[in-house]
Visitor: 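One structure, pasted below without further comment.
Labels below follow one simple rule: chain letters A, B, ... track the order of the sequence lines, proteins then strands, and each chain is numbered from 1. What's counted below: heavy atoms across the whole structure, side chains too, no hydrogens, waters or symmetry copies. These numbers were taken from a predicted model, which means no experiment stands behind them.
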Amino acid sequence: MITNAEIASILSELARLTVLEDGSPQSFRVRAYEKAARAVEIHDEPLAPLTAAQITKVPGLGASSAKKIRELADTGRLAKLDSLRETFPPAFVEVTRIPGVGPKTALMLRESLGIESVDDLKRAVGDQALRDLPGLGAKTEENIARSIERLGIGGKDRRTPIVDAMRIAQDMVAALEAMPGVDRAVPMGSLRRFRETIGDVDIIAVSEGGSGAIMEWFTTMSTVTDVVGFGAKKSSVIVGAGIQVDLRVMTAAQFGSASMYFTGSKAHNIRLRQLAMDRGWILNEYGLSDSASGDLIASETEEDVYAALGLPWIPPELREDTGEVEAAIAGSLPDLVDVGHLHGDLHVHTDLSGDGRDSIEAMLDAVVARGLTYVAITDHAEDLVINGASRDEMLAQRAHIDELCVRYPDLTVLHGAELNIGPEGSIDYDRDFLAGFDFGVASVHSQFDLPADVQTQRVITAMNNPAVNVIGHLTGRMIGRRPGIELDVDAVLAAAVETGCGIEINSHLQRLDASADVLRRAVGSDVVFVISTDAHDTRELANSMWGVRNARRGWVRRDRVANTWETAEFLAWVASKRGR
DNA sequence: GCCGTTTTCGGCCCGACTGTTTTCAGTCG
């Protein structure tokens, strides 16, 4: 049976190819397909078994979409899509990935020069064949040539892992804020929404003194390799390895509406503008105002603008138009977790781990300095040959912790281990030795390419082990570098409830594992999560803020996160698992 | 293509920048 995700993906492709058929990314048909794809994606129940009439009941899906979905479910194909793919083969679609080349230009190039691929276009540019075409010129030809060169590092749909984008944004923000006339600079866009990969880095600089000097400075920084836009209000540059950074300069009075606009998502913004329109208002980056009189209604803070639209403030991590607007209207936004809610860290390494950097004393000092009241020390167990600790080393560490406890009267220190899940779900040590630990995190560190059913059983077997309180970094993925193990996520979430085993939300920006998508699948269930840093040095303890934001993006309610609980309640949860 | 207490047609989110024009189309976010 075809899944909603598969249907949504096909409708998205239909939208992309219809852009070419209609010659416009804004055609109403394109937008209808995009909206339909989104509607299918966020619909809770499978659509494949429904009749066309039932499908039409879903908002965003009309008679035409219903017919297409039935065709897909019944035949596995979509004639309309097959014919579009024939008209616009992948090599031609590739041409539209070139920045600056949209559907109109691509179609015109095909019509006038027979361009069917990026290679064709490269040749035409070499022959200077573009500059004499209507609407184009020498400048456009040069820009397309440069864009093709840049294609080597990704086209319009290139995405950068959040860990890299975050670093660039932080550096840029610091540099901007050091500049005279800039009152503050704040990253926006998908970075603020905390997507795990980022297209462009968007930044707002707040200034009352005009933008000229700021834009001049921004576009001539030493890290800038290319300037793709230079204007009074907006400029865009390429930095370092090819990441685009967009800067908008706004006044403090516009900051609320501006940050909503630049945080997006686009789909979320469209929903808000429709709400504004219903009231006879207009919403843009400069504010919410009356369409007729032009009178400003709200702009200074996001809270002001949302409130004027009759909504509570919606956290940026939720702004994807995947149900957050409806929840806001209904007053049922989830009560999300903040860093200040965390009382403990349940995955912390010391220099006993081969890859750990700081002593246990340093780690405990840092934990106390962060205001935490409990912590689990979880160095690697012996099966991780390079980094793991032997039994004797673990016993010595436990004795050491007992001695140290007097120095930390307000901190509950659990002696734990990060256990390794073998291919069949077994873990390090033996039952008796495991019983000596206060806490167990079990993680996959090897054999990432077993079949999904084997991996699923592997993790569930580990969950059933009484020594395992939490599954660490669920899939082992590294964003943008390796995919992580394949799992039947729903089966794993069900087993988590069944066994009382917690699931870690790993705070490393490269991991963010379990992913926000997985977390969202658990909404409404009784799965217990813990937000852990997996810190290998004292500095990394601050990473909890990333885990928190990933949890927020996954709609995880605060009360489902065990390390927001007070010490006694938390310890009771730990004990109940170990007693099974 | 979708939708409807302005209902079955006529609307559909909004603005900046570029390059080509000489008032605007195309692209992008």
Side-chain angles (χ1 to χ4, degrees), chain A residues 11 14-15 18-19 21-39 55-69 80 96-109 130-144 146-147 155-157 188-190 198-204 211 215 219 227-237 244-250 254 257-258 260-289 291 321:
Chain A
L11 290 173
L14 195 58
T18 304
V19 168
E21 192 179 39
D22 288 357
S24 163
Q26 309 279 20
S27 87
F28 295 117
R29 210 153 52 111
V30 169
R31 279 160 52 181
Y33 286 146
E34 285 172 349
K35 196 175 174 190
R38 172 175 302 277
I55 294 172
T56 313
K57 298 268 194 310
V58 178
L61 300 181
S64 170
S65 292
K67 198 164 160 234
K68 289 184 173 69
I69 291 170
K80 173 74 184 165
T96 65
R97 286 185 69 236
I98 299 167
V101 180
K104 291 260 188 351
T105 308
L107 291 166
M108 191 269 282
L109 291 171
L130 269 58
R131 55 184 60 199
D132 297 326
L133 295 174
L136 303 186
K139 194 76 186 273
T140 301
E141 191 176 77
E142 285 164 24
N143 285 344
I144 288 176
R146 268 201 312 170
S147 291
K156 284 189 283 221
D157 50 358
M188 298 283 162
S190 49
I198 307 301
D200 302 333
V201 171
D202 298 302
I203 297 175
I204 292 182
S211 61
M215 291 308 190
T219 51
V227 178
V228 291
F230 186 102
K233 298 176 173 176
K234 172 186 174 181
S235 294
S236 302
V237 299
Q244 181 168 328
V245 182
D246 297 340
L247 177 68
R248 289 287 300 242
V249 179
M250 309 292 290
Q254 300 164 332
S257 48
M260 287 170 67
Y261 179 80
F262 294 111
T263 297
S265 66
K266 183 178 159 185
H268 178 86
N269 284 351
I270 288 173
R271 290 296 306 277
L272 296 188
R273 290 195 190 117
Q274 284 164 341
L275 290 179
M277 221 164 47
D278 293 345
R279 292 161 166 77
W281 299 338
I282 186 167
L283 176 60
N284 58 28
E285 57 264 57
Y286 303 109
L288 179 66
S289 48
S291 308
D321 190 27

Visitor: Can you tell me which nucleotide in dC14(B), dT20(B), dC28(B) comes closest to the side chain of Tyr261(A)?
Guide: dC14(B)

Visitor: Does dA16(B) have its OP1 or OP2 closer than 4.0 Å to a side-chain nitrogen or oxygen of Lys233(A)?
Guide: yes

Visitor: It should be established whether Ser24(A) places a side-chain nitrogen or oxygen under 4.0 Å from OP1 or OP2 of nucleotide dG26(B).
Guide: no

Visitor: Measure the distance between the ring centre of Phe28(A) and the centre of the six-membered base ring of dC12(B), then answer whether it is under 5.5 Å with planes under 30°.
Guide: yes

Visitor: Could you state the interatomic distance from OG (Ser190(A)) to CD1 (Ile198(A)), rounded to the nearest 0.5 Å?
Guide: 3.5 Å

Visitor: What is the nucleic acid contact for Lys67(A), judged by heavy atoms within less than 4.0 Å: base, sugar-phosphate only, or nothing?
Guide: nothing

Visitor: Students often get this wrong, so: under 4.0 angstrom with heavy atoms, is Leu283(A) touching a base, only sugar-phosphate, or nothing?
Guide: sugar-phosphate

Visitor: Run the numbers on Met250(A) and Ser211(A) for side chain to side chain contact (heavy atoms under 4.5 Å, CB included), then give the verdict.
Guide: CA-CA 8 Å; Met250(A) 309 292 290; Ser211(A) 61; over 6 Å; no

Visitor: Between Met108(A) (CE) and dG19(B) (C1'), how many Å, whole number?
Guide: 12 Å

Visitor: Identify whether any heavy atom of Phe262(A) sits under 4.0 Å from a base atom; if not, whether one sits that close to sugar-phosphate; answer base, sugar-phosphate or nothing.
Guide: nothing

Visitor: For a quick check of understanding: with a heavy-atom distance under 4.0 Å over all strands, which category does Ala36(A) fall into, base, sugar-phosphate or nothing?
Guide: nothing

Visitor: Take atom C1' in dT18(B) and the same atom in dC12(B), then report the distance between them in whole Å.
Guide: 27 Å

Visitor: Rounded to the Å, how far apart are Met188(A) CE and dG29(B) C1'?
Guide: 15 Å

Visitor: Tell me the interatomic distance from Leu136(A), atom CG, to dT21(B), atom P, rounded to whole angstroms.
Guide: 9 Å

Visitor: Measure CD/Glu34(A) against C1'/dG1(B) and give the value in whole Å, please.
Guide: 12 Å

Visitor: Could you pick out which residue, Asp246(A) or Ala66(A), lies toward the 5' side of DNA chain B when each is mapped onto its nearest nucleotide?
Guide: Ala66(A)

Visitor: Would you mind telling me which of dT20(B), dC14(B), dA16(B) lies closest to the side-chain atoms of Met277(A)?
Guide: dC14(B)

Visitor: Distance check, P atoms only: dG29(B) and dT22(B), in whole angstrom units.
Guide: 28 Å

Visitor: Using the closest heavy atom to pick a nucleotide of DNA chain B for each, name whichever of Lys35(A) or Arg248(A) lands nearer the 5' end.
Guide: Lys35(A)

Visitor: At 4.0 Å (heavy atoms only), tell me whether Gly60(A) reaches a base, stays on the sugar-phosphate, or touches nothing.
Guide: sugar-phosphate

Visitor: For Pro103(A), which contact category applies under a 4.0 Å heavy-atom criterion: base, sugar-phosphate, or nothing?
Guide: sugar-phosphate

Visitor: Any idea which heavy atoms bring Ala15(A) and Tyr33(A) closest together, and the distance?
Guide: CB-CB, 3.7 Å

Visitor: Please find the pair of heavy atoms, one from Leu130(A) and one from Leu136(A), that lie closest to each other, and give the distance.
Guide: O-CB, 3.6 Å

Visitor: Kindly indicate, with the supporting measurements, whether the criterion salt bridge (charged side-chain N to carboxylate O under 4.0 Å, His left out) is fulfilled by Glu21(A) and Lys80(A).
Guide: CA-CA 12 Å; Glu21(A) 192 179 39; Lys80(A) 173 74 184 165; 3.3 Å; yes

Visitor: Which nucleotide, dT20(B), dT18(B), dG15(B), lies nearest any side-chain atom of Phe230(A)?
Guide: dT18(B)

Visitor: Thr105(A) near the nucleic acid: base, sugar-phosphate alone, or nothing, with a heavy-atom cut-off under 4.0 Å?
Guide: sugar-phosphate

Visitor: For a quick check, tell me whether the side chain of Gln26(A) and the base of dG29(B) share a donor-acceptor pair closer than 3.5 Å.
Guide: yes

Visitor: Rounded off to whole Å, could you give me the CG-to-C1' distance for the Asn143(A) and dG26(B) pair?
Guide: 13 Å

Visitor: Can you tell me which nucleotide in dG19(B), dG15(B), dC2(B) comes closest to the side chain of Ile282(A)?
Guide: dG15(B)

Visitor: Would you indicate whether the side-chain heavy atoms of Arg248(A) and Met188(A) approach each other to under 4.5 Å?
Guide: no

Visitor: Distance from Tyr261(A) atom OH to Gln254(A) atom CD, nearest 0.5 Å?
Guide: 13.5 Å

Visitor: How many Å lie between NZ on Lys57(A) and C1' on dC3(B), as a whole number?
Guide: 15 Å

Visitor: Provide, to the nearest angstrom, the distance between the CD1 atom belonging to Ile69(A) and the C1' atom belonging to dG1(B).
Guide: 13 Å

Visitor: Strictly by Watson-Crick or wobble contacts shorter than 3.5 Å, is anything paired with dT8(B), and which nucleotide is it?
Guide: none

Visitor: NA contact type, Ala138(A), heavy-atom cut-off 4.0 Å: base, sugar-phosphate, or nothing?
Guide: sugar-phosphate

Visitor: If we take the P atom in both dT8(B) and dC3(B), what is their distance in whole Å?
Guide: 16 Å

Visitor: Counting the atoms with a prime plus P, OP1 and OP2 as sugar-phosphate, which does Ala276(A) contact under 4.0 Å by heavy atoms, base, sugar-phosphate, or nothing?
Guide: nothing

Visitor: Tell me whether the OP1 or OP2 atom of dT20(B) has a side-chain N or O from Thr140(A) closer than 4.0 Å.
Guide: yes

Visitor: Got a donor-acceptor contact below 3.5 angstrom from the Ser147(A) side chain to the Pro99(A) backbone?
Guide: yes

Visitor: How far, in whole Å, is dC9(B) from dG15(B) if one measures between their C1' atoms?
Guide: 29 Å

Visitor: Would you classify Ser236(A) as touching base, sugar-phosphate or nothing, given that sugar-phosphate means primed atoms plus P, OP1 and OP2, and contacts are heavy atoms under 4.0 Å?
Guide: nothing

Visitor: With respect to the side chain of Lys139(A), which nucleotide from dC2(B), dT20(B), dC14(B) is positioned closest?
Guide: dT20(B)

Visitor: At under 4.0 Å between heavy atoms, what does Pro59(A) touch on the DNA or RNA strands: base, sugar-phosphate, or nothing?
Guide: sugar-phosphate

Visitor: Check every strand shown and say whether Asp200(A) touches a base, only sugar-phosphate, or nothing at a heavy-atom separation below 4.0 Å.
Guide: sugar-phosphate

Visitor: What closest approach, in Å, do Val19(A) and Pro103(A) show between heavy atoms, and which atom pair accounts for it?
Guide: CG1-CG, 3.6 Å

Visitor: Could you work out the separation of dG1(B) and dT5(B) based on their C1' atoms and round it to a whole Å?
Guide: 24 Å

Visitor: Answer yes or no: does a side-chain N or O of Lys266(A) lie under 4.0 Å from OP1 or OP2 of dC14(B)?
Guide: no

Visitor: With sugar-phosphate meaning primed atoms plus P, OP1 and OP2, does Lys104(A) contact a base, only sugar-phosphate, or nothing at under 4.0 Å between heavy atoms?
Guide: sugar-phosphate

Visitor: From the list dC12(B), dC2(B), dG15(B), which nucleotide is the closest neighbour of the side chain of Asn284(A)?
Guide: dG15(B)

Visitor: Nearest whole Å is fine: how far is dT21(B) C1' from Leu133(A) CG?
Guide: 16 Å

Visitor: For nucleotides dG11(B) and dA16(B), find the distance between their C1' atoms and express it as a whole number of Å.
Guide: 25 Å

